[in-house]
Amino acid sequence: MPYHRSGSGTAARLVALVADLLAAVIVIWIVMYLLDANRANEVVNWFHDAATWLAGWSHDLFTFDEEWARVVFGYGLAAVVYLVIGHAVARFLARGR
């Protein structure tokens, strides 16, 4: 009997992939910030704008004295939340087979 992929398995993989991509955009911005990437560069600017939009609820959540700590923890929290929630939804969808 041939193997057929279930729709819920495909949906689960898609949800996990989207969560991974969103978190990756945020993590790439954090790394660019820590490496002092040229913010006048269009690519750097795109990652900054995208990460700020994705982490709009958390990027100014913490008030550390050091700016690097605010960036790492504020944006990093959003990346972790995307991963946790995205993969939890993916597991839920995968169980629906």
Side-chain angles (χ1 to χ4, degrees):
M1 179 172 217
Y3 174 74
H4 296 285
R5 288 187 178 181
S6 72
S8 61
T10 302
R13 284 189 294 280
L14 182 60
V15 167
L17 175 65
V18 169
D20 292 345
L21 290 173
L22 296 178
V25 167
I26 295 170
V27 169
I28 290 169
W29 162 244
I30 292 170
V31 170
M32 286 179 167
Y33 174 84
L34 292 174
L35 295 175
D36 200 24
N38 179 6
R39 296 201 188 160
N41 181 283
E42 289 182 31
V43 173
V44 175
N45 194 39
W46 184 89
F47 276 101
H48 177 246
D49 290 348
T52 300
W53 185 79
L54 290 170
W57 59 273
S58 70
H59 73 82
D60 283 333
L61 190 63
F62 300 103
T63 57
F64 295 111
D65 290 335
E66 298 294 329
E67 185 178 359
W68 69 266
R70 286 192 305 269
V71 169
V72 169
F73 287 97
Y75 286 89
L77 175 63
V80 169
V81 168
Y82 278 117
L83 289 173
V84 169
I85 291 175
H87 284 265
V89 169
R91 278 191 303 277
F92 176 77
L93 290 173
R95 280 190 225 139
R97 290 185 205 201

Following the transitive rule for hydrophobic clusters with a side-chain heavy-atom cut-off under 4.5 Å over Ile, Leu, Val, Met, Phe, Trp and Tyr, establish whether [X] and [Y] coincide in one cluster.
X: M32; Y: V72; answer: yes
X: I26; Y: L35; answer: no
X: L54; Y: L34; answer: yes
X: L22; Y: V31; answer: no
X: W46; Y: V71; answer: yes

Going by side-chain heavy atoms closer than 4.5 Å, which hydrophobic residues are tied to L21, directly or by a chain of links?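 Same cluster as L21: L17.
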Point-to-point distance, once rounded to the nearest 0.5 Å, from CD1 of I30 to CZ of F47: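 Answer for the CD1-CZ pair, I30 versus F47, is 12.5 Å.
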Just wondering, are more than 12 heavy atoms of other shown residues or ligands nearer than 6.0 Å to CG in D36? no
Heavy-atom count check: over 12 atoms from other residues, nucleotides or ligands less than 6.0 Å from W57 CH2? yes
Please work out which of the three classes, parallel, tilted or perpendicular, describes the rings of W29 and Y75, given edges at 30° and 60°.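 The arrangement is perpendicular - the two ring planes meet at more than 60°.
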Mind telling me whether F64 and F73 have parallel, tilted or perpendicular rings, with 30° and 60° as the class edges?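 F73 vs F64 ring planes: tilted.
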Which atoms form the tightest heavy-atom contact between [X] and [Y], and what is the distance?
X: A51; Y: V25; answer: N-CG1, 4.2 Å
X: A12; Y: A94; answer: CB-N, 3.8 Å
X: G86; Y: A19; answer: CA-CB, 3.7 Å
X: R70; Y: D65; answer: NH1-O, 3.4 Å
X: A79; Y: V27; answer: CB-CG2, 4.2 Å

Audit row: H48, Y33, side chain to side chain contact (heavy atoms under 4.5 Å, CB included) steps and yes/no: CA-CA 9 Å; H48 177 246; Y33 174 84; over 6 Å; no
Apply side chain to side chain contact (heavy atoms under 4.5 Å, CB included) to the pair D20 and H87, showing each step before the final yes or no. CA-CA 9 Å; D20 292 345; H87 284 265; 2.6 Å; yes
Hey, does F62 have a side-chain heavy atom less than 4.5 Å from the side chain of L77? yes
Partner set under ring pair (Phe, Tyr, Trp, His ring centres under 6.0 Å) for F92, not counting sequence neighbours: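 Here no residue qualifies.
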